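Take a look at the structure set out below.
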Protein chains: 2
Amino acid sequence: MNPDGAGRRPPTAQQFVLAELRRAITTGRLRPGAPIRQDALAEELQVSRVPLREALKTLEGEGLVTHQAHKGYCVATLSLDDLREVYRIRELLEEEAVRRAVVRLTDADLDRLEAVQGDVERAAAAGDVLAMATANRVFHMTLFDCAGMPRLARLIRTLWDSTDAYRSMYYGDGGNRERVVKEHRATLDALRRRAADEAVATLNVHRDHAVTELRSLLPASP
Amino acid sequence: MNPDGAGRRPPTAQQFVLAELRRAITTGRLRPGAPIRQDALAEELQVSRVPLREALKTLEGEGLVTHQAHKGYCVATLSLDDLREVYRIRELLEEEAVRRAVVRLTDADLDRLEAVQGDVERAAAAGDVLAMATANRVFHMTLFDCAGMPRLARLIRTLWDSTDAYRSMYYGDGGNRERVVKEHRATLDALRRRAADEAVATLNVHRDHAVTELRSLLPASP
DNA sequence: TCTCCATATTTTGGATCCAATATTGAAAAT
DNA sequence: ATTTTCAATATTGGATCCAAAATATGGAGA
């Protein structure tokens with residue numbers, strides 16, 4: 001399918017570790033708030049602590065882990081306020097991305113989006129939570145990349161990452177999966193008609209619902 | 001003046017190196033595009049390469065340096081498009097920050113802003129470019145911090161950092177310094193009257209002028 | 001029993017050393 | 001003379017080792 005398939009190990013150890021850690025955090029295998037024991041992790045991943053620490057520094061920059069000198073790293077925990085803040089910032093940035101994308105979308109772009117939407121619908125039908133999360137993400141990022149603003153896209157990507165640990169739970173519910181499918185359809189339709197306001201609105205509805213749902217999933221008082 | 005004065009060396013080597021590198025890049029001592037020779041830098045800063053590399057990873061996350069595996073780090077260069085993109089993103093985020101700040105500003109906050117504005121005016125009068133850049137930055141960050149959205153403030157800070165190398169040149173011109181002083185006054189006035197739209201507008205004018213000026217300072221074809 | 005302090009252990013931060021990759025320069029072949 | 005190949009060198013990536021700090025442990029005193 002893809003030339004450098006998902007299983008191919010990256011050229012450097014820190015890139016490998018980075019990918020592994022990101023997955024572990026965004027899928028929830030490393031729980032929010034959990035301390036990161038460097039020695040144990042390094043041994044588990046079969047690398048020394050040096051590349052591990054560099055990967056952690058990258059993740060710290062992205063807000064997925066926190067660090068205190070001489071105390072170590074922890075998987076970041078988001079308070080309700082943090083979550084709301086992230087979603088508000090996403091709203092600002094994604095609106096811009098969509099508006100730029102709308103006026104630049106080619107037919108090929110729309111075809112790609114349609115194809116990805118196919119993946120989303122298949123995952124939703126199959127009830128495959130992980131595939132759903134991945135395809136949904138690809139759908140949005142594909143759209144945002146069309147804005148032709150690489151830095152903006154990167155920022156948005158980072159914001160998504162920082163809440164992935166919580167978002168995965170969202171797709172556990174079949175109703176939510178159906179909802180996402182419908183909302184994507186509405187977005188695609190608006191994009192085809194170059195209706196920017198409408199496209200932005202559908203995404204905002206989507207986000208608002210997600211943040212509402214996530215409130216109930218948050219730890220009691222972080 | 002300040003309990004942990006500027007000259008105090010941070011507790012860990014990587015924090016020290018991080019601060020040093022940030023200064024070197026944002027003041028232009030390390031020029032955009034310049035390769036970063038780790039051995040030489042480590043020796044110059046009297047540390048080993050390990051904390052240096054961790055600091056570089058942090059700076060990479062902030063976009064101040066770029067990295068290629070097995071080739072090394074370079075000080076990031078911004079194309080005109082990059083610059084415009086950064087300023088556009090800033091516009092989006094700073095508008096939000098200002099609007100939130102306006103409804104939360106206390107008298108103490110306004111007093112602090114007024115005090116910082118005093119620093120700005122003194123630096124402008126003295127023609128001290130570095131002091132001017134610093135005070136201007138403090139003025140804006142103080143305002144943005146009042147929004148009570150720490151992540152938003154951090155993002156904005158990072159965006160400022162990424163263009164600091166170019167912005168320093170801006171203050172070389174006395175006319176620009178005067179302009180900044182006047183625009184800050186207008187912003188402060190609008191803030192006092194809780195006139196959000198107006199405050200946002202003054203900042204937008206400010207940014208637009210800066211980005212126009214910076215166009216002429218960019219390298220020919222990066 | 002609880003608190004406080006000294007000590008031992010664990011864990012992180014940093015330095016040095018080695019390996020892998022990239023770059024440079026020179027020699028050889030066309 | 002130009003290009004290509006191959007070796008020498010320089011530079012980065014990673015592993016191991018040591019030092020510093022924090023945490024856990026245990027005992028003495030109130």
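Naming: A, B, ... by sequence-line order, numbering from 1 per chain. These figures come from a predicted structure and were not determined experimentally. Note: hydrogens, waters and symmetry copies are ignored here, and every other heavy atom, side chains too, is used.
Candidate nucleotides C/dG13, D/dG13, C/dA15 were compared by shortest atom distance to the side chain of B/Val50, and C/dA15 ranks first. The B/Ser48 side chain lies nearest to C/dA15 when the options are D/dG13, C/dG13, C/dA15.
Backbone-only engagement by A/Ile36 is indicated by non-hydrogen atom pairs under 4.0 Å involving sugar-phosphate atoms exclusively. A/Leu52 comes within 4.0 angstrom of no nucleic acid atom, judged by non-hydrogen atoms across all strands.
Put simply, A/Arg53 has no side-chain N or O that comes within less than 4.0 Å of OP1 or OP2 on C/dT12. For the pair B/Gln14 and C/dG13, the criterion of a side-chain N or O lying under 4.0 Å from OP1 or OP2 is not met. The shortest distance between the side-chain N/O atoms of A/Lys71 and the OP1/OP2 oxygens of C/dG13 is not below 4.0 Å. In this structure, B/Gln38 reaches the D/dG13 phosphate: one of its side-chain N or O atoms is under 4.0 Å from OP1 or OP2. Look at A/Arg49 and you won't find any side-chain N or O under 4.0 angstrom from OP1 or OP2 of D/dG14.
Atom CD of B/Glu60 and atom P of D/dT12 are 14 Å apart (whole Å). One can place NE2 of B/His67 at 4 Å from P of D/dG13, the figure rounded to the nearest angstrom. B/Leu56 places its CG atom 16 Å from the P atom of D/dT11, with the value rounded to the nearest Å. For the pair B/Gln46 CD and C/dG14 C1', the computed distance is 14 Å after rounding to whole Å. Remark: P of D/dT11 and CG of B/Leu41 are 13 Å apart, rounded to the nearest angstrom.
A cation-pi arrangement is not found for A/Arg84 relative to A/Tyr87, the charged atom failing to lie both closer than 6.0 Å to the ring centre and inside a 45° cone about the ring normal.
For the pair A/Ala69 and A/Ala13, nearest-nucleotide mapping onto DNA chain D gives the more 5' position to A/Ala13.
Using modelled atom types and a 3.5 Å distance limit, the side chains of B/Thr158 and B/Asp161 yield no donor-acceptor pair. No side-chain donor from either of B/Thr142 and B/Asp145 sits under 3.5 Å from a side-chain acceptor of the other.
Using a distance-only test at 3.5 Å, with no hydrogens or angles considered, no donor-acceptor pair links the side chain of B/Tyr73 to the main chain of B/Leu59.
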